[in-house]
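Contents: one structure, followed by commentary.
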Amino acid sequence: MKKLFTNLTFWVLTAITLGVLLGHFRPDLALMKILEEPIKGRFLGQELEIGATFSEMLGKTFISVVKLFINPIIFLTITLGIISMGDLKKVGKVGAKALLYFEVVTTVALIVGIIVANIIRPGDGVTTDNIKGGDISKYTKTAETFSWWKFFMDNSTLQVLVVAIVLGVVLSNYSGRQKVIDFLSPISKAIFKALHRVMLLAPIGAFGGMAFTIGKYGIKTLVPLAKLMATVYVTMGIFVCVVLWYILRTVKVDLFKFLKYIREELLIVLGTSSSEAALPSLMEKLEKMGCSKSVVGLVVPAGYSFNLDGTTIYLSMAVIFLAQVFNVHLDISQMLTIIGILMVTSKGAAGVTGSGFIVLASTLTALKVIPVEGLALLLGVDRFMSEARAITNFIGNAVATVWLANHEKEFDRNKMNYAFGHVAKFENIETDNLN
């Protein structure tokens, strides 16, 4: 019993369950206002927000605190990794191979989403009259003004990534680079130690996030579009268990042992609907299971912007779903056009507020055959599908890092075997890392 009650996974799972129950049976408590308006701002390059309601405040405050660690960890991990690696050609090779991997795998995700949506046809029989829509004007306006420069300027993670790479390259040629390593290494360890303490609050964040979602939107809102939701979840499950399983199999890594190893992070993503909430912790675990610091530092942050497998699947399925709802027949050339447009627009989905709808709006506008007003149908259930998107994105980036580390011979299989055999050590609240 003591082992159970000191296991963070147990507490996160319990918190998610309690959040669902509170949101469903007492939405008045879950949505009780603490502040008149949400508090928004920026700090250390991150967008921070504290919700106005009781449950939203718990969920968003936890995510905001964890986000403060993302840029420092990315900066230190990449800079230290490149300085330690020394071989700048290898850094460029890893970066180029990562971008190629992202493009290939997200294209596969697009095709999988389109194929499954055409087989199951979740949009057939959906009547628009009985579904309460929402205001989509803010998404269509943002879609019209989207630019890659704006994407870069709004994405602090990419900015830190570029600065860290440049600084790492410069310092790798510095004769006194060992002094820099000796200076930055203790700082990196201190930040990770602080992160471990913050992650003890994960159950509170998961409870708040789930209570707010269920309390605000209600389980009843799922009924009209239940087929679409089920199709999205099934498709992402197929993608993970078939495509990502095969990718790891090529480097002799067991997907299901890997998922068990990162299950605590997966539950945090599920509870908060945010892959950012577990990003720093994932980077640490990937290093502990044998991926080199330099590969982790380059691939994970870049993947967060360019390797959004779950978002890509959702975008492709949403376009096909809306075509089916409005009885718009798409021929092969139009299907290929959808794939081509989303191959580009989906890469900007991490850098803009309301990213999924903005990308969808720009895609529908470019196609000019599906009414963009159809987005209003998705607003009510989008929050319930965001968990699937976030988890699939999260697993996809983790798999990409392991695969690339293996192909670059930057992977320690002994560390992996030890990590997989001692999963509980990383989840126990009373770990040495906190002492």
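Residue numbers count from 1 along this sequence.
- Rounded to the nearest 0.5 Å, atoms CD1 (Ile73) and OG (Ser188) are 7.5 Å apart.
- Across all their heavy atoms, Ser281 and Met199 have their closest contact at CB-CE, 4.5 Å.
- Leu58 contributes atom CG, which lies 13.0 Å from atom OG1 of Thr272 (distance to the nearest 0.5 angstrom).
- The structure places CZ of Phe394 at 7.0 Å from CG of Leu279, a figure rounded to the nearest 0.5 Å.
- Using a 4.0 Å cut-off between charged nitrogen and carboxylate oxygen, Lys97 and Glu408 count as a salt-bridge pair.
- Under the 4.5 Å side-chain criterion, counting only non-hydrogen atoms from C-beta, Thr231 is in contact with Met317.
- Counting only heavy atoms from C-beta outward, the side chains of Leu308 and Thr106 never approach each other to under 4.5 Å.
- For the pair Lys260 and Phe420, the cation does not sit on the ring face, since its NZ or CZ is not both under 6.0 Å from the ring centre and inside 45° of the axis.
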- Message: With side-chain contact (heavy atoms from CB on, under 4.5 Å) as the criterion, how do Ile165 and Leu298 come out once you've worked through the C-alpha distance, each side chain's angles and the decisive distance to 0.1 Å?
- Response: CA-CA 8 Å; Ile165 290 174; Leu298 284 169; 3.7 Å; yes

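- Between Arg413 and Lys252 there is a side-chain heavy-atom pair separated by less than 4.5 Å.
- Looking only at side-chain heavy atoms (C-beta outward), Val166 and Val163 stay at 4.5 Å or farther from each other.
- Side-chain atoms of Tyr261 come within 3.5 Å of backbone atoms of Lys285 as a donor-acceptor pair (strictly under, hydrogens ignored).
- The shortest side-chain heavy-atom distance between Phe207 and Ile16 does not fall under the 4.5 Å cut-off.
- Considering all non-hydrogen atoms of both residues, Phe69 and Pro280 come closest at CB-CG, 4.4 Å.
- A 4.5 Å side-chain heavy-atom check between Gln159 and Val162 finds every atom pair outside the cut-off.
- Nearest approach of Gly23 to Ala30, heavy atoms of both residues: CA-CB, 4.1 Å.
- Considering every non-hydrogen atom in both Val402 and Asn406, the closest pair reads O-ND2, 2.8 Å.
- The side-chain heavy atoms of Trp245 and Val240, taken from C-beta on, include no pair separated by under 4.5 Å.
- Between atom CD1 of residue Ile313 and atom OG1 of residue Thr392 there is a gap of 6.0 Å, rounded to the nearest 0.5 Å.
- Nearest heavy atom pair, residue Thr53 against residue Phe212, reads OG1-CD1, 3.6 Å.
- With Gln334 contributing its side chain and Asp331 its backbone, the two residues share a donor-acceptor pair below 3.5 Å.
- Listed here is the closest heavy atom pair of Phe62 and Val198: CE1-O, 3.7 Å.
- Within the 4.5 Å cutoff, no side-chain heavy atoms of Leu244 are placed close to those of Leu248.
- In this structure, Ile119 CD1 and Thr235 OG1 are separated by 9.0 Å, a value rounded to the nearest 0.5 Å.
- Of the candidates Asn307, Asp309, Thr312, Thr311, Thr311 is the only one forming a side chain to side chain donor-acceptor pair (under 3.5 Å) with Asn393.
- Separation of atoms CD1 (Ile120) and CD (Gln324) is listed at 10.0 Å; rounding is to 0.5 Å.
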